[in-house]
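As the structure is a prediction and not an experimental result, all values here were calculated from the model.
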Amino acid sequence: MLRRLFSSIRQYRRNAILAPVFVALEVVLDVIIPYLMAKIIDRGIAASSMHWIYLIGLALVGCALMSLVCGIMSGRHAAVASAGLAANLRRDMFAHIQEFAFSNIDKFSQASLVTRLTTDITNVQNATQMLLRILVRSPLMLTFSLLMAFKVNGTVSLVFLAVAPVLAIGLYLIITRAHPIFEQVIRTYDRLNTVVRENLRGIRVVKAFVREEDEIDKFKAVSRDIYTGFYRAERLLNLNSPLMQFAMYSCTLLLSWIGAQLIVTSRMTTGQLMGLLSYASQILMSLNMLSMVLMMMTVSRASAERIVQVLDEQPALADPPNPVTTVADGSVEFRDATFGYGSCDETMCLEHITLNIPSGSTIGIIGGTGSGKTTLSQLIPRLYDVSEGAVFVGGRDVREYGIQALRQQVAMVLQKNILFAGTVRDNLLWGDQNATDEELLEACRLARADEFLSTMPDGLDSHVEQGGKNLSGGQRQRLCIARALVKKPKIIILDDSTSAVDSKTDQEIRKALRTDLAGITTIIIGQRIASVMDADKIIVMEAGKIDGFASHEELLRTNAIYQEVYTSQIRKGSDHDAA
């Protein structure tokens with residue numbers, strides 16, 4: 001797992017190497033200082049020798065200054081390396097998520113991916129900085145201090161070995177019990193993100209139905225779960241401090257008692273005892289820091305595992321070894337296609353679909369909610385792969401194309417398409433970065449977006465807020481249609497994309513598409529009969545199957561579902577004007 005994470009450090013590898021190098025130098029200097037202090041007491045103060053006091057004193061000052069410089073340099077390089085690793089991890093994760101199929105995103109959920117890109121990476125960044133400094137410093141300090149302590153007096157130094165098992169067992173018990181709690185808390189953060197996202201996206205609905213209190217209660221419930229989890233985990237981690245204090249005071253008392261007896265019997269000098277006490281302080285401080293690092297790594301381990309899960313996730317859809325890069329035409333064929341959103345789903349969304357759509361034709365799709373209309377259209381640009389059978393575009397199986405090449409020739413306009421913060425021009429250029437203003441304006445004319453665009457003060461340079469919040473639903477839909485037309489695709493799919501426009505504008509858009517885009521295969525998914533009745537043929541969907549595929553007139557004669565919808569909408573006058 002660590003190898004997978006640190007493979008993203010790349011250009012910050014030098015900083016990641018220099019940080020522990022400076023830490024090691026700092027530790028060596030820190031360990032030398034107590035040894036010099038013991039010498040200055042025994043050779044200088046005890047012997048009343050100013051020569052040794054000055055000489056060893058200068059060495060002490062030099063070691064302290066060099067230790068300070070090494071500490072500053074190690075901190076600087078560790079900060080650069082940890083922040084750089086976090087930046088690269090975010091970039092790598094986000095780039096990898098862009099390759100995900102919808103099924104991959106559904107597996108993790110949007111809220112979970114946001115948590116992993118933010119909270120989890122921050123946890124790993126903090127742990128990395130501690131890893132490069134304290135996790136290197138603590139073992140080195142512990143090792144060197146023990147060696148120097150045994151060099152001063154091996155018998156007395158056995159006190160440290162007596163305390164070590166107590167600390168090791170205590171830390172092991174704390175960590176093994178705290179880690180599962182932190183894993184659960186991190187998962188709860190996903191729920192918190194979901195609640196916040198839903199509330200902010202649906203705030204108008206919340207206020208319209210006066211459900212603020214319910215939303216607050218929902219947030220409080222998730223927040224309380226996080227509080228409870230952290231409380232339980234921190235309560236365990238807080239046992240670390242008294243455990244370390246017990247070890248520290250026990251060692252100090254034992255060293256003082258044994259050392260005093262040895263000094264009285266002239267088997268130890270005062271300087272040696274002072275040195276041992278200093279090394280005791282360093283040893284116990286290094287153990288304390290090591291325990292803090294282990295605690296931090298316990299917290300960040302769950303985050304690291306979640307990050308690696310995303311990085312190791314293989315996209316469900318990928319280009320074939322030798323992908324086809326050219327789509328010959330806009331013909332579409334389904335050959336006994338069956339599809340379900342999960343491999344374990346017993347009920348398939350689409351079952352044994354077989355149909356042929358000639359290039360340049362206009363096809364309507366109608367059916368009730370959940371009948372499979374949108375799912376059928378999403379198989380054409382290979383947003384999902386069929387479970388059985390095949391889908392052909394331009395005479396080739398869609399799995400033979402490079403995904404980018406295929407989707408460049410299939411434009412989709414959804415009912416809830418998204419506009420991005422920027423200008424109208426910025427959004428339209430998503431269709432083609434090299435499109436001219438004339439091409440953008442022509443696409444707007446075909447989508448009937450020119451009607452409101454001409455009233456905007458800056459035209460194509462008019463500002464669009466995030467999600468197109470400063471535009472009406474119909475205006476957003478028309479700009480989304482224009483954006484798709486800028487691509488100049490061979491196939492355009494309009495998935496109930498005129499639901500927010502009035503019947504007259506809907507009719508004008510369909511008329512423009514028929515006359516000006518005669519060579520493009522147009523697939524119109526609609527709830528209104530008026531939106532599809534002028535199509536060459538209409539697909540009637542029912543429970544994931546094709547109930548009918550014929551012209552408007554023929555379906556009126558032969559298809560019961562179509563007859564029922566036509567009667568309810570047209571003859572009752574609900575859509576009389578559009579007809």
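For the residue pair Asp426/Thr423, the side-chain donor-acceptor check at 3.5 Å is satisfied. With 3.5 Å as the limit, one finds a donor-acceptor pair spanning the side chains of Ser112 and Arg116. A side-chain donor-acceptor contact under 3.5 Å links Tyr562 and His552. For the residue pair Ser303/Asp120, the side-chain donor-acceptor check at 3.5 Å is satisfied. Checked by atom type, the side-chain pair Asp536/Ser361 shows no donor-acceptor distance below 3.5 Å. Between the side chains of Arg557 and Gln563, no donor-acceptor pair is found at a separation under 3.5 Å.
Identified under the ring pair (Phe, Tyr, Trp, His ring centres under 6.0 Å) test for residues 386-432, with sequence neighbours left out: Phe420-Trp430. Within the structure, ring pair (Phe, Tyr, Trp, His ring centres under 6.0 Å) contacts touching residues 448-483 (residues at least two apart or in different chains) do not occur.
The one candidate from Asn104, Ile97, Ile105 that meets the side chain to side chain contact (heavy atoms under 4.5 Å, CB included) condition with Glu313 is Asn104.
Smallest separation of non-hydrogen atoms from Asp329 and Gly394: OD1-CA, 3.3 Å.
Counting heavy atoms from C-beta outward, Asp397 and Glu400 have side chains that approach closer than 4.5 Å. Side-chain contact between Lys487 and Gln408 is present, with heavy atoms from C-beta onward closer than 4.5 Å. Residues Val310 and Phe100 form a side-chain contact, since some pair of their non-hydrogen atoms from C-beta on lies under 4.5 Å apart.
Side-chain atoms of Glu564 never come within 3.5 Å of backbone atoms of Ile561 as a donor-acceptor pair (strictly under, hydrogens ignored). Here the side chain of Lys373 pairs a donor or acceptor atom with the backbone of Gly367 at under 3.5 angstrom. Using modelled atom types, no side-chain atom of Asp547 and backbone atom of Met541 make a donor-acceptor pair closer than 3.5 Å. Although no hydrogens or angles enter the test, the distance criterion places a donor-acceptor pair under 3.5 Å between the side chain of Thr338 and the main chain of His352. Gln475 contributes a side-chain N or O that, together with a main-chain N or O of Ser472, makes up a donor-acceptor pair within less than 3.5 Å. Between the side chain of Asn88 and the main chain of Ser8, a donor-acceptor pair closer than 3.5 Å is present. At distances below 3.5 Å, at least one donor-acceptor pair connects side-chain atoms of Arg476 with backbone N or O atoms of Leu471. Checked by atom type and distance alone, the side chain of Ser387 pairs as donor or acceptor with a backbone atom of Gly340 at under 3.5 Å. One N or O on the side chain of Asn470 and one on the backbone of Glu465 form a donor-acceptor pair closer than 3.5 Å.
Note on Lys511 versus Glu508: no salt bridge recorded, every NZ/NE/NH1/NH2 to OD/OE distance being 4.0 Å or above.
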Before you tell me yes or no, could you show the steps for Glu333 and Arg335 under salt bridge (charged side-chain N to carboxylate O under 4.0 Å, His left out), namely the whole-Å CA-CA distance, both residues' side-chain angles and the distance that decides it to 0.1 Å?
CA-CA 6 Å; Glu333 183 181 359; Arg335 294 183 185 174; 3.0 Å; yes
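Residues forming a side chain to side chain contact (heavy atoms under 4.5 Å, CB included) with Thr326 (at least two apart in sequence, or on another chain): none.
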